[in-house]
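Worksheet: one structure, shown below.
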Amino acid sequence: MLTSICGINWGDEGKGRMVDLLSRDFDVVCRYQGGNNAGHTVINEKGKFILNLLPSGILREDVVNVMGPGMVIDLKHLCNEIAKLREGGIAVSPENLKISDKAIITMPYNVLQDIMEEDRLTKATGKPYGSTRRGIAPVYADKYMKKAFRMGELLNCELLYRRLPDIIDWKNMTIKAYGFEPVSVEEMKEYFETYGKPLAKYVTDTGSYLDKAHAEGKNIMFEAQLGALRDIDYGIVPYTSSSSTIAAYAPIGAGVPNLKLTNSIGIMKAYSSCVGAGPFTCEYFDADAEKLRELGGEYGAATGRPRRVGPFDVVASRYGIRCQGADEIALTKLDVLDGYETIEICTHYELNGKIIDEFPFTDVLDYCKPVFEKVKGWNCDITGCRRKEDLPVEALDYIYLLEKLCGCKIRYVSVGAEREACIKMY
Ligand code: GDP
Ligand code: MG
């Protein structure tokens with residue numbers, strides 16, 4: 001089985017916790033895009049963990065974790081993430097972690113570039129992209145300029161060090177143009193020595209590994225970071241990530257373009273949240289926003305930034321489901337709505353006096369207004385529910401209504417952050 005777990009909304013839907021739960025039926029979990037701009041919070045019997053780069057299957061002893069060629073890897077960040085997990089009693093070895101030789105290395109100067117550009121944008125336009133400032137856009141740009149380093153190069157640093165001076169010269173042209181101090185070849189060599197060499201033992205041809213695992217009948221899960229609306233092609237450009245977050249990209253980003261997905265499970269939140277800048281039509285403000293943000297604990301796992309929040313957005317979610325080719329949905333954080341007597345849903349957008357229900361081009365979103373409808377809430381604690389029959393009728397009605405409005409079956413409903421706080425609907 002080749003299953004992709006992907007985000008339907010703007011990210012932070014609870015993908016990490018669903019991967020942690022559903023990976024019990026999988027042998028391999030593979031991250032196929034993005035870098036340490038992701039933040040997945042997972043709470044299980046071993047404790048609370050925040051994963052940025054490592055696949056969320058790392059917390060299960062019998063799961064092999066793969067970091068695919070579609071990823072960008074900050075070496076220092078990964079070393080620290082592994083060390084932190086070890087402190088928490090999680091074993092990480094070349095047996096359970098395999099990093100693609102084709103994955104790209106995020107360099108310290110990429111992080112610097114990200115910061116320089118966000119600061120320039122803020123000063124020049126007052127409208128930064130809302131980047132996590134972790135070097136993701138610059139390193140993907142370097143990849144497509146064919147100037148990036150790949151993990152496989154750590155296996156032969158002599159060759160890498162021969163390429164280094166020219167790339168540093170080229171990069172310093174940009175850094176100096178921003179008025180910053182150039183970086184040195186020596187500094188970068190030291191970076192590879194300190195944080196690259198210890199990771200070399202994990203580096204391998206993960207495509208060949210996954211292909212063999214599949215041929216042996218192993219179940220493989222592809223884990224996405226961020227949601228459909230942050231996809232570089234289909235999202236709200238430029239307020240997106242710089243990689244493909246969509247399920248169709250999973251086999252490519254994982255290193256097995258020859259394999260086809262068996263199914264795609266979309267992770268969709270029972271309300272909306274959006275971290276960073278960009279159009280967010282269903283957004284709540286002031287007291288409405290504060291209430292929902294507090295109830296949902298909506299602060300970024302990677303950055304601690306308060307997330308923007310709003311009610312469930314049918315227009316954006318239906319688009320997200322289409323982009324992800326989702327066969328079924330896991331609806332997360334339903335318990336966050338426990339305290340509402342009535343619950344709002346953004347069912348349509350209004351554009352120039354007309355009602356629309358197709359998600360429009362990014363620029364047009366600025367002119368869209370949300371149309372809210374109200375439904376009856378359940379107004380009681382559902383965090384202890386573990387079966388469909390335990391849920392109050394209003395909660396079931398809400399789930400079935402979203403199912404109908406979005407046109408996709410909801411198979412799982414989560415009612416708490418802990419691993420087992422989840423209901424299987426069918
Ligand atoms: P991801 O990036 O998609 O993996 O999601 P994040 O981990 O960034 O954000 C989801 C947040 O919601 C985390 O803090 C989770 O612990 C929490 N969470 C996940 N599922 C539930 C749920 O069903 N109920 C509640 N109350 N919290 C949840
Ligand atoms: Mg997150």
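As the structure lists them, so they are numbered: ligands from 1, and atoms in each ligand from 1.
Ligand 1 places these atoms under 4.0 Å from at least one heavy atom of G39: 1 (P), 2 (O), 6 (P), 7 (O), 8 (O). For ligand 1, the atoms sitting less than 4.0 Å from at least one non-hydrogen atom of G16 are 4 (O), numbered in the order shown with element in parentheses.
Using 4.0 Å as the threshold, G416 has a heavy atom nearer than that to some atom of ligand 1. At a 4.0 Å cut-off, at least one heavy atom of R307 sits close enough to ligand 1 to count as contact. The shortest separation from a heavy atom of A421 to ligand 1 is not under 4.0 Å, leaving the residue out of contact.
Ligand 1 has a nitrogen or oxygen under 3.5 angstrom from a nitrogen or oxygen of D12. Any N or O atom pair closer than 3.5 Å counts here, and G11 shares no such pair with ligand 1. Looking at ligand 1, you won't find any N or O of I43 less than 3.5 Å from one of its N or O atoms.
Around atom 26 (N) of ligand 1, the closest heavy atom drawn from V413, V415, D335 belongs to D335.
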side-chain hydrogen bond (donor to acceptor under 3.5 Å, both in side chains) between N80 and Y195, intermediate numbers included: CA-CA 9 Å; N80 291 340; Y195 301 110; over 6 Å; no
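Between Y32 and F222, the ring-plane angle classifies as perpendicular under the 30° and 60° cut-offs.
Residues D119 and R133 are paired through a salt bridge, judged by an N-O separation under 4.0 Å between the basic side chain and the carboxylate.
Judged by the 6.0 Å and 45° rule, K291 forms no cation-pi pair with Y284.
Computed with the Mg ion (ligand 2) at the centre, the D12 OD1 to G39 O angle is 150°, stated to 10 degrees.
Contacts of L21 classified as side-chain contact (heavy atoms from CB on, under 4.5 Å), with partners at least two apart in sequence or in another chain: M18, R24, R419, E420, C422. Not counting sequence neighbours, the partners of E153 by the side-chain contact (heavy atoms from CB on, under 4.5 Å) test are F149, R150, L160, R163.
Contact annotation for R17 and ligand 1: only side-chain heavy atoms (C-beta onward) come within less than 4.0 Å of the ligand.
Under the 3.5 Å distance criterion, with hydrogens and angles disregarded, no donor-acceptor pair is assigned to the side chains of T240 and D231.
Within a 6.0 Å sphere centred on CD of E389, other residues, nucleotides and ligands contribute more than 12 heavy atoms.
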